[in-house]
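Bear in mind that the values here come from a model prediction, so they are computed numbers and not experimental data. Protein chains get the first letters and strands the later ones, always in sequence-line order, with residue 1 at the start of each.
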There are 2 protein chains.
Amino acid sequence: MTGHENLWMRPERPARGPRPSFSRAALAEAAIRVADAEGLEAISMRRLAADLGAGTMSLYRYVTSKDEVFDLMVDTAVREYLPEDRRPPDDWVEGLRLLAWQARRTMLRHPWLAPLAAGRPQAGPNSARLMETALGMLDGLGLSVDEMLTLVGAVFAYVNGYIQSELAEAEALRRSGLTLAQRLAQHLSFIQSLIATGEYPMLERMTKEAGRQYMGADDRFAYGLDRLLDGVAAGLPRRGAEGPARSR
Amino acid sequence: MTGHENLWMRPERPARGPRPSFSRAALAEAAIRVADAEGLEAISMRRLAADLGAGTMSLYRYVTSKDEVFDLMVDTAVREYLPEDRRPPDDWVEGLRLLAWQARRTMLRHPWLAPLAAGRPQAGPNSARLMETALGMLDGLGLSVDEMLTLVGAVFAYVNGYIQSELAEAEALRRSGLTLAQRLAQHLSFIQSLIATGEYPMLERMTKEAGRQYMGADDRFAYGLDRLLDGVAAGLPRRGAEGPARSR
DNA sequence: CAAAACTGAGTACGCCGTACTCGCTTTATC
DNA sequence: GATAAAGCGAGTACGGCGTACTCAGTTTTG
């Protein structure tokens, strides 16, 4: 087994031959530019090649399939999860919370990222750096590495799931071409037709209470994240080396 | 606005004309059968039509786009989240936990469901029934409907995010054609190359601790779910009408 | 019975990912 | 530096996709 069947193990540049006219990084950058501007479905090998001024099939010198382009995009974007300054925050809860918020910021900035990242295992160098950072925050709590991975995985599962539903809502609104009010009205008329059967008392109450102010997307994200971190912290009675004095 | 631009408001059968040779339900069923057996990417309008013994374009009498086929599939499958007996569980935490486990069971049974559901707002009748059920569990806790929606949304965000990463791992393994051991070895050799730089102390520790037993996927799912529910419960000091006696 | 209107099959268009071929250019080796 | 090997980029082609459009036939309503 040479390991070359894996994108990240395969050397970008072979030993011999002319210098390539661009690089995997440039390919990832171009793909991200297209996806940011026109969405994931605008990405095609022909389009990327045209943007790079190369022949379509030339891209396959850098990558063995379109799927690997997606791998490159995800790992490139994941770098933005990491805060600029490397020094670890004093509190692991604060650290994970910060990471979660940075992840959300990044996924909202690149709406294609969350669906794409959810469908593939995080395997690239920046994902590894991210995991290293997260694990480092949990060092000294007396957890096994396996427990740490489970904990970090739970936080990212929530973050990913939340942001995907947040983005799906926004995307559906955009595609429908309706205003928010029109879309709510359409939704409401469907729900009304269900309520008419009398089997949906809670939804009925929902329509009656509507009109109050809604929680914003930020607040809803914070709610679940903070509850999850609360629960995790409560499940760790054993404190780190700094002693049990710190209550929160 | 007639409302007919929405799949769920549009009548399946128009007032006049010959009887259609199948139904939206049959279309959804056929699509689910194909996706279960051969994956989401095996679904095409031509393929579904062939399975139904119809012409390709005839499907557009039932649905305005392929996307609506996906809507039908999701809403049909979501019905499986709901437990068979309708009587509400005595405890809202138990109720939500059960719902989460049922959702996971369903999404593992239909591996195409989680990615698909994550990308579209839950809008069909079965999604409404699901939401009605979940909200009903939270009745009497003194929450506003908006708070209830946020709470339920957080739980489903976690469930969806977790299962997508669980499925992504399994899918990557399947596509690689490697055994689990081979894949771990490949992963390890990549991580080793990173460790060689000396900048990944936690990953280094991870490789050294490996070989111990891993937490299973069930346990990892339960961990995050239970921590989240713990945190939510702790954030609700006010108890329902049954009095504050019940501690858990 | 008449006529309105819905059905389903067929054809066609413009995309897509990618396998394959073939001169050309660059590089490593002697 | 000459030379041979090998990677490079462009072109062509194939099979598949979603779906717009047309048209003959059938079913239902009045």
Side-chain angles (χ1 to χ4, degrees), chain A residues 2 4-5 7 10-28 30-31 34-35 37-73 112 116 119-120 171 175 177, chain B residues 2 4-5 7 10-28 30-31 34-35 37-73 112 116 119-120 175:
Chain A
T2 66
H4 284 197
E5 54 284 335
L7 167 64
R10 200 165 54 234
E12 172 154 12
R13 183 147 158 45
R16 288 246 284 277
R19 187 155 286 110
S21 57
F22 53 100
S23 66
R24 278 186 194 155
L27 176 53
V34 171
E38 304 172 43
L40 239 203
E41 65 283 353
I43 289 197
S44 74
M45 298 307 264
R46 288 175 229 268
R47 170 64 192 275
L48 292 181
D51 273 32
L52 288 163
T56 303
M57 294 316 291
S58 302
L59 300 194
Y60 288 91
R61 300 277 166 200
Y62 300 84
V63 116
T64 66
S65 69
K66 187 184 184 183
D67 216 55
E68 288 194 346
V69 176
F70 290 149
D71 285 337
L72 287 176
M73 290 172 69
W112 47 268
L116 215 51
R120 59 198 67 230
E171 172 72 2
R175 291 166 82 117
Chain B
T2 67
H4 284 198
E5 55 283 335
L7 167 64
R10 199 165 54 236
E12 171 154 13
R13 183 146 160 46
R16 288 249 283 278
R19 188 156 285 110
S21 55
F22 52 100
S23 66
R24 278 186 194 156
L27 177 53
V34 171
E38 304 172 43
L40 240 202
E41 65 283 353
I43 290 198
S44 74
M45 298 306 264
R46 289 176 229 269
R47 170 63 192 274
L48 291 181
D51 273 32
L52 288 164
T56 303
M57 294 317 290
S58 303
L59 299 195
Y60 288 90
R61 300 277 164 199
Y62 301 83
V63 117
T64 67
S65 68
K66 187 184 185 182
D67 217 55
E68 288 194 345
V69 176
F70 291 149
D71 285 338
L72 286 176
M73 291 172 69
W112 46 269
L116 215 50
R120 58 197 66 231
R175 289 166 84 116

Contacts of B:Ala42 that satisfy side chain to side chain contact (heavy atoms under 4.5 Å, CB included) - sequence neighbours left out: B:Val34, B:Glu38

All side chain to side chain contact (heavy atoms under 4.5 Å, CB included) counterparts of A:Ser58, not counting sequence neighbours: A:Ala54

Reading 5' to 3' through nucleotides 9-19 of chain D, protein heavy-atom contacts under 4.0 Å coded B for base, S for sugar-phosphate only, - for none: BSB-B---BBB

Sequence neighbours excluded - salt bridge (charged side-chain N to carboxylate O under 4.0 Å, His left out) pairs with any residue from residues 48-65 of chain B: B:Arg47-B:Asp51

Partners passing ring-ring contact (aromatic ring centres under 6.0 Å, His included) against B:Phe22 (at least two apart in sequence or in another chain): B:Tyr62

side-chain hydrogen bond (donor to acceptor under 3.5 Å, both in side chains) partners of B:Thr64, counting only residues at least two apart: B:Glu68

